[in-house]
Amino acid sequence: MAQRLALRQLLSLTPRTLPRQGPLAPHVRAFGTSAACRSTFNVQDGNDFQDRVVNNPKPVVVDFHAQWCGPCKILGPRLEKMVAKQEGKVLMAKVDIDDHTDLAIEYEVSAVPTVLAMKNGDVVDKFVGIKDEDQLEAFLKKLIGA
């Protein structure tokens, strides 16, 4: 009974009346500007994909993934790290296939993770599944021509 009463009281509080915790309360969120943040982005919709991937003068690695995909959770961070090492020579677009089924169909994605290498709006290379860091580095170097 006491727990229910405490829960009701907590839920009835407005954000202004919630107790402050710590020196920075209410919660302050910081955003980083590291190379990984600048070189990797989530695709918002078809127009965003067209603008930031297809029309981009830089080479773009497109990671088609899904939240429920175990191998995607392994490959994604590994690929982001390798793209960040390229210091802006290549960008990475992340496309959730559940949110953007139309893009997955358009680019013939039949399994995840699927990674496309795009240059000047054209798919120039692709792989499906997990790769180790050496394979990812070779994939990226081939894309940027290094």
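Numbers for residues simply follow the sequence, beginning at 1.
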Review item, side-chain donor-acceptor pairs of residues 57-77, under 3.5 Å, at least two apart:
from	atom 1	to	atom 2	distance (Å)
K58	NZ	G88	O	2.8
W68	NE1	D98	OD2	2.7
K73	NZ	Q67	O	3.2

side-chain contact (heavy atoms from CB on, under 4.5 Å) evaluation trace for Y107 with M118
CA-CA 11 Å; Y107 286 92; M118 295 186 71; 3.8 Å; yes
Check for me, please, whether L140 and I144 land in the same ILVMFWY cluster - side-chain distances under 4.5 Å, paths through other members count.
yes
Only counting residues at least two apart or in another chain, list the ones meeting side-chain hydrogen bond (donor to acceptor under 3.5 Å, both in side chains) with D99.
none
Contact check, side chains of M92 and M82, non-hydrogen atoms, under 4.5 Å:
no
Identify all side-chain donor-acceptor contacts of residues 120-138 below 3.5 Å with residues at least two apart in sequence or on another chain.
from	atom 1	to	atom 2	distance (Å)
D125	OD2	K142	NZ	3.4
D132	OD1	D134	N	3.1
D132	OD1	Q135	N	2.9
E133	OE2	K81	NZ	3.2
Q135	OE1	D132	N	2.9

Non-neighbouring partners of D48 that pass salt bridge (Lys or Arg N to Asp or Glu O under 4.0 Å), sequence neighbours left out:
R52
With rounding to the nearest 0.5 angstrom, report the NE2 to CD1 distance, H100 to I97.
11.0 Å
To the nearest 0.5 angstrom, please state how far the CG atom of L103 sits from the CG atom of D45.
8.5 Å
Any ring-ring contact (aromatic ring centres under 6.0 Å, His included) pairs touching residues 72-92, not counting sequence neighbours?
none
Smallest separation among heavy atoms of K94 and N42, with atom names:
CB-OD1, 3.4 Å
Give me each pair satisfying disulfide bond (SG atoms under 2.5 Å apart) with a member in residues 78-115, each pair once, sequence neighbours excluded.
none
